[in-house]
Amino acid sequence: MISKWGINTDIIHSELKPDEKSRAVSPAIVPAVAYAFPTVESAIEVVSGECEGNYYGRYGNPTTRVLEEKMSKLEGGEDAIAVSSGMAAISISLLNYLKAGDHVVVTKDVYGGTHHFLTVLAPRFGIEVDFVDCTDLNAVENALKFNTKVLYLETPSNPCLTILDLKKLTNLAHSYKVPVIVDNTFMTPILQSPIELGVDVVVHSGTKYINGHGDVIAGFVIGKKKDISFMRKNLMGDLGQNLNAWESYLILRGLKTMGIRLKQHVENAKKVSEFLNGHRGISKVFYPGLPSHRQHSLAKQQMKGYGGIISFELKGGFETGVEFINHLKLAMISFSLGDPETLVQHPASMTHNSIPTEQRVEFGITDGLIRLSVGLEDANDIIDDLDQALTKASTIRLTKYKLNAK
Ligand SMILES: Cc1ncc(COP(=O)(O)O)c(C=O)c1O
């Protein structure tokens with residue numbers, strides 16, 4: 001659906017319907033599981049989907065519906081479902097297209113949970129998966145098979161910040177009648193619009209920037225009405241992956257400030273990436289906003305901002321990385337991202353630890369890689385913290401080096 005408003009106005013005003021009786025501006029929290037119908041016929045109309053409405057909490061909720069309509073509008077989809085986690089959104093969207101005997105092509109440096117689901121659970125149901133370097137269109141085309149039913153992408157990727165060309169990949173997949181799913185978590189609807197570029201389904205971990213306060217786990221799937229209706233009824237509803245009213249309300253609340261939060265995350269990440277890029281203790285910095293990023297020009301063309309996540313490798317590898325992280329005072333060691341606090345983690349041992357070492361290294365997730373989710377603090381304070389921890393880690397590395405050299 002095309003909106004006449006800018007995205008920041010849409011974030012606040014779309015689907016904002018003051019309560020008819022009280023005129024309350026914030027949406028009502030409706031915890032009801034059951035809904036009463038005046039007649040059996042009216043109940044049948046709702047349960048069959050002939051009429052929009054709620055009939056049982058596992059298949060939909062009025063507070064959650066406000067959030068779903070908002071997310072659908074923001075991503076430019078026909079409809080959306082709000083679910084209990086980003087992983088619920090990912091598994092639901094994949095299972096919408098896949099059944100026993102089908103094949104899925106997946107970008108190689110994908111979120112660890114997605115990799116785990118596709119390598120551990122999906123094969124038990126007869127689903128075949130290939131992880132492919134999706135920066136290489138020939139490799140993607142070669143990986144497509146007669147039974148490929150979906151192409152699954154993540155851009156920028158977690159944790160290597162690889163950028164994929166959504167337009168070209170979608171055109172290629174569509175020429176083989178293969179639909180495309182994109183995980184847009186790192187970007188939010190503010191910084192990247194995959195559906196505008198032709199993508200069929202967008203998924204999000206709402207746990208990150210969308211809620212933005214580190215206190216709700218949630219996910220979203222946005223796409224065509226027909227697909228979303230199938231997912232609501234047969235996957236979200238039957239597998240019990242719905243989002244409850246209270247958490248929907250918290251996200252609606254968090255969402256109101258997503259525009260200004262993202263602006264600050266991006267501004268801070270730019271300053272922090274420039275600091276890291278010039279630091280002598282660091283061998284590589286991955287941030288799409290840096291001209292040195294190998295896909296900077298694609299990022300510039302495809303994204304409306306470069307996001308708040310930076311990855312980097314320290315000279316001295318894993319051991320120096322651990323010393324660095326352990327000496328941080330402001331940044332917190334955490335598995336999540338997109339929160340007001342600056343969060344740091346070591347993908348090889350934390351978020352991507354379930355990927356076998358050989359495959360992890362092939363995907364570019366080296367032992368020395370560190371992921372930083374740049375928070376909303378004053379940029380100078382974040383940089384000072386990184387600087388002091390880098391100095392301590394480098395001193396320890398050099399002392400050990402000198403001792404070994406003796
Ligand atoms: C890119 C990406 N997608 C999906 C997820 C899964 O989200 P959730 O933890 O809400 O299930 C994460 C979690 O970190 C993520 O980083």
Side-chain angles (χ1 to χ4, degrees), residues 1 10-22 24-37 43 46-49 51-93 95-96 184-185 188-189 201-258:
M1 199 191 294
D10 260 337
I11 284 170
I12 295 164
H13 285 272
S14 72
E15 310 311 323
L16 179 64
K17 295 170 195 148
D19 181 70
E20 280 182 15
K21 211 167 158 192
S22 68
V25 172
S26 32
I29 303 170
V30 182
V33 171
Y35 299 83
F37 293 89
V46 172
V47 82
S48 66
C51 245
E52 184 149 339
N54 300 289
Y55 57 97
Y56 189 66
R58 198 158 19 83
Y59 297 90
N61 168 280
T63 313
T64 308
R65 188 64 193 144
V66 179
L67 178 60
E68 290 170 341
E69 287 176 345
K70 217 183 233 306
M71 283 305 297
S72 171
K73 180 86 166 270
L74 296 179
E75 281 290 3
E78 287 178 11
D79 204 353
I81 45 170
V83 293
S84 56
S85 67
M87 277 314 300
I90 291 164
S91 54
I92 286 173
S93 67
L95 293 175
N96 176 55
N184 206 23
T185 299
T188 80
V201 172
V202 170
V203 292
H204 278 284
S205 166
T207 315
K208 318 296 178 192
Y209 294 105
I210 291 175
N211 176 56
H213 293 75
D215 50 10
V216 176
I217 294 212
F220 298 100
V221 189
I222 303 108
K224 302 206 172 66
K225 220 173 185 64
K226 173 176 75 68
D227 289 322
I228 297 296
S229 302
F230 180 87
M231 294 184 219
R232 176 186 297 285
K233 208 164 174 98
N234 302 292
L235 293 157
M236 180 192 94
D238 286 358
L239 298 180
Q241 291 176 315
N242 57 295
L243 187 68
N244 67 46
W246 170 244
E247 296 195 320
S248 300
Y249 170 77
L250 284 176
I251 299 176
L252 282 163
R253 195 171 190 264
L255 202 50
K256 288 188 191 188
T257 56
M258 185 168 73

Separation between [atom1] of [X] and [atom2] of [Y], rounded to the nearest 0.5 Å:
X    : Y    : atom1 : atom2 : value
S72  : L67  : OG    : CG    : 11.0 Å
D215 : T207 : CG    : OG1   : 10.5 Å
N242 : E247 : CG    : CD    : 10.5 Å
L16  : K70  : CG    : NZ    : 6.0 Å
I222 : K73  : CD1   : NZ    : 14.0 Å
N96  : R232 : CG    : CZ    : 13.0 Å

Would you check if the side chain of [X] reaches a backbone N or O of [Y] as a donor-acceptor pair within less than 3.5 Å?
X    : Y    : value
S14  : I11  : no
T64  : G60  : no
K233 : V47  : yes
S85  : G219 : no
N61  : V30  : yes
S93  : A89  : yes

Note to self: Does Y59 have more than 12 heavy atoms from other residues, nucleotides or ligands lying within 6.0 Å of its OH?
What the structure shows: yes

Note to self: Tell me whether R253 at atom CZ has more than 12 heavy atoms from other residues, nucleotides or ligands lying less than 6.0 Å away.
What the structure shows: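 Counting other residues, nucleotides and ligands, CZ of R253 stays at 12 neighbours or fewer.
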
Compare every heavy atom of [Y] with every heavy atom of [X], then report the nearest pair and how far apart it is.
X    : Y    : answer
G206 : F220 : CA-CE1, 3.8 Å
L235 : I92  : CD1-O, 3.4 Å
M231 : V221 : SD-CG1, 3.6 Å
R58  : G237 : NH1-O, 2.8 Å
F37  : N54  : CZ-O, 3.4 Å

Check: Do Y56 and V33 pass the side-chain contact (heavy atoms from CB on, under 4.5 Å) test, and can you show the C-alpha distance, the side-chain angles, and the key distance before you say yes or no?
Finding: CA-CA 6 Å; Y56 189 66; V33 171; 3.5 Å; yes

Checklist line | Basic-acidic side-chain contact under 4.0 Å: R65, E69 | finding: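 Salt bridge between R65 and E69, a charged N being under 4.0 Å from a carboxylate O: yes.
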
Note to self: Tell me whether E15 is salt-bridged to K17, with the criterion being a basic N under 4.0 Å from an acidic carboxylate O.
What the structure shows: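 Between K17 and E15 there is a salt bridge, with a charged N closer than 4.0 Å to a carboxylate O.
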
Note to self: Any non-hydrogen side-chain atom of T257 less than 4.5 Å from a side-chain atom of H213?
What the structure shows: yes

Next item on the list: Evaluate the side-chain contact (heavy atoms from CB on, under 4.5 Å) criterion for residues K224 and E78: first the C-alpha distance (whole Å), next the side-chain angles of each, then the deciding distance (0.1 Å), finally the verdict.
Entry: CA-CA 5 Å; K224 302 206 172 66; E78 287 178 11; 3.9 Å; yes

Check: Testing N184, T185, I251 for side chain to side chain contact (heavy atoms under 4.5 Å, CB included) with I210, which one passes?
Finding: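 For I210, the side chain to side chain contact (heavy atoms under 4.5 Å, CB included) test succeeds with only one of N184, T185, I251, which is I251.
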
